[in-house]
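Everything numeric in this text was worked out from a predicted model, so none of it was measured. Sequence lines set the chain letters: A, B, ... in the order given, protein chains first and strands last, and positions in each chain run from 1.
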Amino acid sequence: MSTSPAAPPITRFAPSPTGYLHIGGARTALFNWLYARRFGGTFRLRIEDTDRQRSTEDAIAKIFDGLRWLGLDWDGEVVFQFARAAGHAAAAKALLEKGLAYRCYCSPEELTAMRDQARAEGRPPRYDGRWRDRDPAEAPPGIAPVIRLKAPREGETVVADLVQGEVRFPNSELDDMILLRSDGTPTYMLSVVVDDHDMAISHVIRGDDHLTNTARQIQLYQGLGWASPTFAHIPLIHGPDGAKLSKRHGALGVEAYRDMGYLPEAMRNYLLRLGWGHGDDEIISTEQAVAWFGLDAVGRSPARFDFAKLDNLNGHYLRDAADERLVERVGTMLADRTGVPITGADAIRLAAAMPGLKARAKTLLQLTDSALFLVTRRPLALDDKARRLVAGGAAKHLAEFRIALAVLEPWSAAGIEAAARAFTEATALKLGDLAQPLRAALTGSTVSPPIFETAEILGRDEVLGRIDDVVDAAFAPENG
RNA sequence: GUCCCCAUCGUCUAGAGGCCUAGGACACCAGCCUUUCACGUUGGUAACACGGGUUCGAAUCCCGUUGGGGACGCCA
């Protein structure tokens, strides 16, 4: 059934630290992590920081944070690619000595002109190999050369991909790529190949935007005389508009999802289902995913990112989450919101209300919103719908019901409910006629956890006070 | 433009020639439950892009068309 590797696989996630860890990268990391964990292998992290201009410390920190938040732990030390530049250059030199690479003295301007002209003439924009067989003696003075791979011009290069199948590229389509820049630093193409080889990476699982690169990289492996790793190119995640989700195009960093109140386990489940499936299963725990994951079930078509489904999954995991964990998160968020730390009676109320609250929220943000009334100081500001509910006769009923509440013993949800039912029976009201205004008075809203339970949690003094606030406002002279 | 990839409900997907009058999930609509909302539950709307083959038989295989996406940097 599931194709298992001959030996424990070694996978890697190799982001470039030029921004945050975006959602597509997160999924790539997840798949690599899952594959390694599934087959008892190793999952490594390599920071591809060879672009010194654009790599930043901040971006590196964000990648670490993002992976940690997602719970994707890596094995061994993080490899920083730039630190290995000398080794990359050595590989290029070796190729040069074998006659499989050459110096090219074209200036960047010359190359741009070459590409522009090709495009203008409807030809593919590629380097024409003008220095491939030219005598280095003809080199113009004062120009530092780049080193290019002398790639085969005949035949084809085939990528045997675990997801995409066998993909063939005519070698005529692949030009002589640059290995070493004129300043002697290695390019991405050279670095990945050398590093993946040196790190003994067995499976390269990455976005399929790298598929064409793979053909070139295979040429490099061949030139270096190394065996290629196994490749698996997973389809990209697209935005709602169907275009590639990238840093430049609407992709959010994982920390944005964290801040929007999504749980890491929900993210993992959602990302897993984008491009991978296991029959009709939808809710898949990470443990289950580790047991089931395989590259043969990865689809080949791109998927669009859909917040509605993420919300649904997050709601599920929220309901599943331990109350203490949610209390801690929501407590912090409430404190940020109100500027007052959640302690004492507020903390007790929040903890008591959590089971009822979490059943109704899709995100931690919503959960925080819905918990706000618990820690808000009187008098509460009622929203429009709530205000309408306590207008007129309802306030009178509340005032009357308050009398019963004031002497109710013991103070419990069941007791309050019994009192409410007795009250409505005696006054020929429907339970909702009392419960809804009560909800409005106690929570300032028309939506909340079960109101009798909520009343118990709030405590008698607070409940009576909140009722008084509403009743007083209703009967204040200026309000008629 | 050239090369490469993709194509099942709005979205994520199941489907590896007959089990498909195409299944599930999200979203949406209606009902039930109910003190509100949510959960849960019942039912509903909704898809094999198109055209040719191959075959007794095609969502599944082949070709083409169309549509979408990706790659074409001294970025990664």
Side-chain angles (χ1 to χ4, degrees), chain A residues 14-18 48-51 53-55 81 104 106-108 111-112 115 118-127 144-148 159 161 164-165 167-170 172-175 177-183 185 187-189 191-192 207-213 215 233 235-236 238 240 242-244 270 273-283 299-313 315-316 319 356-362 370 385 389 417 420-421 424 430-440 443 445-452:
Chain A
S16 63
T18 56
E48 310 225 317
D49 54 353
T50 52
D51 184 341
Q53 255 71 49
R54 295 198 291 165
S55 299
Q81 193 160 60
C104 165
C106 286
S107 66
L111 292 171
T112 309
R115 275 190 288 269
R119 248 188 270 268
E121 292 170 11
R123 287 181 292 113
R126 280 196 282 267
Y127 173 65
V146 299
I147 293 179
R148 288 183 184 268
V159 181
D161 195 279
Q164 305 291 337
V167 184
R168 298 167 173 279
F169 295 88
S172 57
E173 291 297 322
L174 277 12
D175 62 4
M177 66 182 142
I178 295 179
L179 268 19
L180 241 39
R181 302 186 182 99
S182 50
D183 64 0
T185 59
T187 60
Y188 160 79
M189 287 291 181
S191 307
V192 230
D208 72 8
D209 50 341
H210 281 285
L211 193 55
T212 355
N213 288 337
H233 287 91
L236 300 174
H238 286 177
K244 175 186 179 181
Y270 179 70
R273 288 286 292 108
L274 244 36
W276 182 87
H278 186 269
D280 284 341
D281 296 303
E282 296 288 346
I283 305 286
R300 285 196 277 176
S301 49
R304 298 189 189 204
F305 195 91
D306 178 26
F307 273 103
K309 188 133 183 180
L310 210 212
D311 279 354
N312 175 272
L313 270 175
H316 170 86
R319 271 171 255 133
L357 253 19
K358 74 178 183 184
R360 293 168 169 71
K362 300 264 189 244
S370 68
K385 283 185 192 164
L389 266 177
E417 176 167 356
R421 288 189 187 276
T424 50
K430 282 187 285 186
L431 187 58
D433 294 335
L434 177 66
Q436 274 305 87
L438 183 61
R439 186 186 316 278
T443 71
S445 152
T446 52
V447 175
S448 83
I451 195 58
F452 304 121

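- Both A/Gly432 and A/Tyr270 lie close to RNA chain B; mapped to their nearest nucleotides by heavy-atom distance, the more 5′-ward contact belongs to A/Tyr270.
- For A/Asp208 against B/G70, no side-chain N or O and base N or O form a donor-acceptor pair under 3.5 Å.
- Between A/Arg439 and B/C37 there is no side-chain polar atom (N or O) within less than 4.0 angstrom of OP1 or OP2.
- Across all their heavy atoms, A/Ser448 and A/Arg439 have their closest contact at OG-NH1, 2.7 Å.
- Contacts of A/Glu282 with the nucleic acid, taken as non-hydrogen atoms under 4.0 Å apart, include base atoms.
- Between A/Arg300 and the phosphate of B/C6, there is a side-chain N or O to OP1/OP2 separation shorter than 4.0 Å.
- Using a 4.0 Å heavy-atom criterion, one finds that A/Thr50 contacts the sugar-phosphate atoms exclusively.
- Backbone-only engagement by A/Ser301 is indicated by non-hydrogen atom pairs under 4.0 Å involving sugar-phosphate atoms exclusively.
- Nucleic acid contact class of A/Gly315 (heavy atoms, under 4.0 Å, all strands): none.
- In this structure, A/Cys104 reaches neither bases nor backbone, as no heavy-atom distance under 4.0 Å exists between it and the strands shown.
- Along RNA chain B, the nucleotide closest to A/Ala308 and the one closest to A/Met189 are compared, and the more 5′ of them pairs with A/Ala308.
- Straight-line distance between the P atoms of B/G40 and B/C63: roughly 45 Å, to the nearest whole Å.
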### Query
Should A/Arg54 and A/Asp51 be marked as a salt bridge (Lys or Arg N to Asp or Glu O under 4.0 Å) after you check the CA-CA gap, both sets of side-chain angles, and the distance that decides it?
CA-CA 6 Å; A/Arg54 295 198 291 165; A/Asp51 184 341; 3.0 Å; yes
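- Aromatic ring pairs are classed by plane angle as parallel below 30°, tilted from 30° to 60° and perpendicular above 60°; the pair A/Tyr270 and A/Phe305 is perpendicular.
- For B/C74, its base never sits under 3.5 Å from the side chain of A/Thr187 at any donor and acceptor pair.
- In this structure, A/Ile451 reaches the bases: a heavy-atom distance under 4.0 Å links it to at least one base atom across the strands shown.
- Nucleic acid contact for A/Pro450: base, since at least one base atom lies under 4.0 Å from a heavy atom of the residue.
- Using a 4.0 Å heavy-atom criterion, one finds that A/Asn213 contacts the bases of the nucleic acid, with or without backbone contacts as well.
- Here A/Arg115 does not reach the OP1 or OP2 of B/C72: none of its side-chain N or O atoms lies under 4.0 Å away.
- Side-chain N/O atoms of A/Lys309 include none lying less than 4.0 angstrom from OP1 or OP2 on B/G10.
- When the side-chain nitrogen and oxygen atoms of A/Asn312 are compared with OP1 and OP2 of B/A27, one or more of them lie within a distance under 4.0 Å.
- Note on A/His233: nothing from the nucleic acid sits closer than 4.0 angstrom, heavy atoms only.
- Using a 4.0 Å heavy-atom distance criterion, A/Pro449 is classed as a base contact.
- Heavy atoms of A/Lys430 sit nowhere under 4.0 angstrom from any nucleic acid atom.
- Heavy atoms of A/Val146 sit under 4.0 angstrom from at least one base atom.
- Counting non-hydrogen atoms under 4.0 angstrom, A/Leu236 reaches the backbone sugars and phosphates but no base.
- Among the heavy atoms of the strands lying under 4.0 Å from A/Phe452 is at least one base atom, whether or not backbone atoms are also near.
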